[in-house]
Amino acid sequence: DQQVKQNSPSLSVQEGRISILNCDYTNSMFDYFLWYKKYPAEGPTFLISISSIKDKNEDGRFTVFLNKSAKHLSLHIVPSQPGDSAVYFCAAFGTTGNQFYFGTGTSLTVIP
Amino acid sequence: DAGVTQSPTHLIKTRGQQVTLRCSPKSGHDTVSWYQQALGQGPQFIFQYYEEEERQRGNFPDRFSGHQFPNYSSELNVNALLLGDSALYLCASSYWGLAGDEQFFGPGTRLTVL
């Protein structure tokens with residue numbers, strides 16, 4: 001069963017505009033959420049995280065929003081840059097299961 | 001700091017064979033987790049090793065087994081390979097007990113089963 005879902009396999013955005021990547025989850029016991037970025041031939045690298053006690057976390061151009069009632073999180077990238085072109089995975093962690101669950105990824109292309 | 005390294009980079013096997021994949025964690029890390037990433041999917045957790053013991057396991061059959069050595073490096077073994085085992089196998093290292101933002105991934109081993 002896919003407990004973490006990213007329903008948009010791909011997204012194209014113009015350079016300088018905002019990129020919004022979405023993620024939904026089904027397990028209300030998840031209490032920690034992360035976004036990873038993956039370039040071809042490399043492993044995923046950590047981007048930003050958020051605890052379930054917060055609804056927003058910012059790090060430079062990256063902001064993650066969490067809506068617990070909707071079991072939804074989103075990653076905002078402003079402004080988008082061509083170097084942001086990569087596959088983005090959201091992941092969720094719950095202390096009861098004590099393992100990470102990843103979404104299927106969204107391939108972001110930032111057009112110069 | 002070499003980061004997380006994995007070997008080999010690519011591997012081709014036939015059905016029914018056995019395979020061993022290797023992972024060296026980032027310097028200072030003591031915990032190794034293995035993930036399977038099938039084409040078009042996200043990484044799926046296989047298991048995690050700490051202090052040379054399997055601490056957590058995902059929903060994978062017993063054909064998948066592992067080992068951690070005293071130097072914290074780890075092996076993933078898959079027996080009786082099936083076509084469906086074709087995937088990118090990722091290793092991630094971390095400190096035991098720290099949050100996921102401290103988990104570092106290697107580049108992966110691409111396994112093809114024919």
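FYI, side chains are in, hydrogens and waters are out, and symmetry mates aren't considered; it's all heavy atoms of this structure. Quick note on labels: first sequence line is chain A, next is B, and so on, each numbered from 1.
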For chain A, the option from B:S33, B:P107, B:G108 that forms the most heavy-atom pairs under 4.5 Å: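 Top count of heavy-atom pairs under 4.5 Å with chain A: B:P107.
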hydrophobic_cluster_shared for [Y] and [X], side chain cutoff 4.5 Å:
| X | Y | value |
| --- | --- | --- |
| B:L21 | B:V4 | no |
| B:L111 | B:F60 | yes |
| B:V32 | B:V78 | yes |
| A:I20 | A:F62 | no |
| B:Y49 | B:F64 | yes |

Who passes ring-ring contact (aromatic ring centres under 6.0 Å, His included) against A:Y25, sequence neighbours left out?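 With neighbours one apart ignored, the set is A:F33.
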Atom group of A:F93 that falls short of 4.5 Å from chain B, counting heavy atoms: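 The answer is neither part of A:F93.
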Atom of A:P44, atom of B:L90 and distance for their closest heavy-atom approach: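 Heavy atoms only, the tightest pair is CD-CD1, 4.0 Å.
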Locate the shortest heavy-atom distance separating A:G103 from B:P43; write the atom from each residue and the value.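 Looking at all heavy atoms of both residues, the shortest contact is O-CD, 4.5 Å.
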Test item: [X] and [Y] side chains (from C-beta on) under 4.5 Å apart, heavy atoms:
| X | Y | value |
| --- | --- | --- |
| B:Q41 | A:Q2 | yes |
| A:Y36 | B:Q103 | yes |
| A:F46 | B:F105 | no |

Which residues pass the side chain to side chain contact (heavy atoms under 4.5 Å, CB included) test with A:P40, not counting sequence neighbours?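 Partners of A:P40 by the side chain to side chain contact (heavy atoms under 4.5 Å, CB included) criterion come out as none, since no residue qualifies.
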Measure distances from B:R110 to the heavy atoms of chain A and classify the residue's part below 4.5 Å as side chain, backbone, both or neither.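 Neither part.
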Which atoms of B:Q37 approach chain A - backbone, side chain, both or neither, heavy atom under 4.5 Å: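 Answer is side chain: those atoms of B:Q37 sit under 4.5 Å from chain A.
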Quick one, A:F102 with B:Y35, criterion side chain to side chain contact (heavy atoms under 4.5 Å, CB included). Give me CA distance, side-chain angles, the key distance, then yes/no. CA-CA 10 Å; A:F102 281 79; B:Y35 293 82; 3.6 Å; yes
